[in-house]
Amino acid sequence: MKTCPGHFGYLELVRPVIHPEFAKSVYLLLQSTCYQCHKALLTTEQMNEIKPVIKSFVGSEEEINEQTIAAGALTTIEREDTSMVLLKKLKSIKKCPHCGIQQRKIKLERPTFFYMDSTRLRPDEIRDWMSKISDDDLTSFGIDPTATRPEWLILTALLVPPVNVRPSITLESGERSEDDLTHKLVDIMRINQRLEQDIDAGAPQIIIDDLWELLQYQVTTYFNNETPGVPVARHRSTRPLKTLAQRLKGKEGRLRYNLSGKRVNFSARTVISADASLTINQVGVPSRIAETLTIPLYATVWNLEEIKKIAARTEYPMVLNLITKEGIRKRLTDATREEILKIIEPGCILERQLVDGDSVLMNRQPTLHRLSLMSHTVKILPGKTMRIHVSVTVPYGADFDGDEMNLHVPQSLEAQSEARYLMQPKDLVRSPRDGKPIMFMEEDEVVGVHLLTKDDAYFTKEEASLMLANAGVYEFPKHEVKGKFSGKSIFSLLLPKDLEFEYKSGASKIVIKKGELVEGTVSSKLVGEGGALILRLFDEYGADFTMEFLLQMTKMTLRVAEAAGVTISVSDYYNSDATNKERQKIIEEVEGRVNDITKKYAENKLESLPGYTKRETLELETMAQLEEARTIANRALSKSIGTDNNAMLMASVKARGNILNYVQTSMFLGQQAVRGKRPSRGYSGRILPYFTRNNKTPEAKGFVKSSFFDGLKPKEFFMHAMGSRDSAMSKSLVTAQSGYLQRRLINAMQDFYTAEDLSVRDASGALIQTIYGGDGMDPTKERE
Amino acid sequence: MVPPLELIPEHSILSESEAKKVMAKFSIPAKKFPKILDTDPQAKLLGAKPGNMIAISRKDPSGGKYTYYRIVVKG
């Protein structure tokens, strides 16, 4: 019972029954052959005419190759079409072309009863009929007679699955409860026996026919208890029986529940949160989880003593289970430990609790990425959440507003080494999309570096020691200016001593010479999204250095930001009288320009842009003017606001928010858009009922003059709501659509691979691309 | 017939021996190569027959050139 998979048996049926799932095939064959001579209802000439077409599609797979296809052979799908058409045609033939007899109408009464001109055809008669159809005719029907004979569609014996397929369970009361399939088989056997006895006893035909019909019913429900037109077979408790088809079908069936929906062991799931003292490679695992999850230890001749020591432990990093050579799992408890220790021998497997330094996989759904599943090193921590470094949040697409992540413990040595060699975040800093870093500084960290490395940043010895000690650096910069250290020199302590680096963008220039930041402020361009410095460090100083650098940066910059107290308040958005006046002026000017355009249009003096009508030109130019208003306001604001304004500071160093947010809060919202245009529908001649008809002023077309700070006027509020609704709708539509598009692409290409010669192949080895991507480049390996 | 256009990469028919070499290079039989219909304008222009192999020399946006191969099939 332990290793034997069981064997199939069979049950000989006293009278044949029709296989309910094949009734339709039987029906087609009955309709297309003569009831007297059992030949296909086609003349020999007609047969010869279609034969070449059919011949080509009957035969083994190997016969179909590019040559036969080129010569006009049909694919599998085309074949099925052709044979169906043929069968349809045969149905309408009235007279057998061979024996000349008038054809009679065959009727199928679902699921298994056949009638010929209202006289019942018994299964044995049908079986005889089927067996008389010639092999030659069968090929014409698309049936390969060397593989299948149609009389096999009528059952004379029933295959009986072994008990492993239909196990019985013993209840606590000692009572045995049999599987539904067993019950069904018992029913079939009982009827079969009764039928046999009655036939032997020479019972009247009516009784035999009744029993025969009952046998047909039992067999039909044995295959599918939801066969249409058949009453469902029920258990004694009136519960419908779960027969063969029911096991496979539907959400709870074998396919969707057990095969597509595999469950996994050795995994954990909790809320994630941030920990600035962990590297991108680590994960903080709650001790409760670490105590439950296990990793296998393999006992060998060489480590036997060591392993016994571990197994003897009675506190936290202890062994929970022993798997003997025979594969029997034994749980180690205080009561059983002594006993089990004695049976440890080379070849056993011990299951040990998770400890610091183990490799585990972290995953966040949706897994759209190979980077959504990465291998982290365990660090056991108190608390109930799993903790990760903030920078590793980007590839996972995670944040800490309640996100949960899954953790998996690779069990086999193969899985463990695969995780370590291929899946560690420190090795995956470069994005497979464009080769740019995907793990970089964000938000507070970016503000931190900015404040640390700007030109006038100097720190006292106390401040510097706190920052440096936080990052684990225990030395001071060499140069001191009036008892203070420059932020640039403090930052430089984290850089490799021989780093030569230069970065130019527009007017700003950042220069690092001999590992010393000599010019410029470190910006997000270096260390944030697209980080040129991170890229450089990763390429030239390796994964471990980059990982360490990211951690030190996090610790140091957070300290700087914390000490500076970077926070925003309403006062950041409060305008001076001068700014308010400026704002008024900007709005008036824009309105003036828009009115000019409208006037020009009204006087028919507006020159239309190439490819546009006059009306479109008016709309386009007006839009351009109104959009421009924001840019002008932006410029005006940047002039009047210093970097002591934290909201502006954060936006300008690309830490959080953008200038548009700022403009909209303290100046004005600007033009609202619906489908990329100014709002244009609503009421007759106007957008909202509060306007007069044909009002062409900017505010009647969705230009909002108020700021979030001042608050919106009712009309403006509705304009804003229209714009918001439109963008919310299109955003969700676009994500759903592009997500599905990507899914289709992934499914279509999932088993393509780049071969050794850099050509792309599919699973069968067929050529897809002669060289990967047309240039054989791997973005993650590309250098400048 | 379609005249050669700038945007269409150059197509050419390979001789039998050349085709054999290409198949050996990728160590796959003809049926494992990408296909092109003999009714394809470029195939028609070259007068390619089913079974022929067509070489397409493509330009890559990143500057390089590479050759793609297709087997002509009946369309």
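The chains referred to below are lettered A, B, ... by the order of the sequence lines, with proteins before strands, and numbering in each begins at 1.
- Interface residues of residues 769-776 of chain A toward chain B, defined by a heavy-atom distance below 4.5 Å and sorted by number: Gln769(A), Thr770(A), Ile771(A), Gly773(A), Gly774(A), Asp775(A).
- Side-chain contact between Phe33(B) and Met23(B) is present, with at least one heavy-atom pair separated by less than 4.5 Å.
- In this structure, a donor-acceptor pair under 3.5 Å is absent between the side chains of Arg370(A) and Ser372(A).
- Interatomic distance, Tyr68(B) OH to Ile54(B) CD1, rounded to the nearest 0.5 Å: 13.0 Å.
- The side-chain hydrogen bond (donor to acceptor under 3.5 Å, both in side chains) check on Ser17(B) picks up Ser15(B), with sequence neighbours excluded.
- At a threshold of 4.0 Å, the pair Lys49(B)-Asp38(B) does not count as salt-bridged, since none of the basic side-chain nitrogens sits closer than that to a carboxylate oxygen.
- The closest side-chain donor-acceptor pair between Ser764(A) and Lys32(B) falls under 3.5 angstrom.
- Heavy-atom pairs under 4.5 Å with chain B peak, among Asp757(A), Ile768(A), Asp762(A), at Ile768(A).
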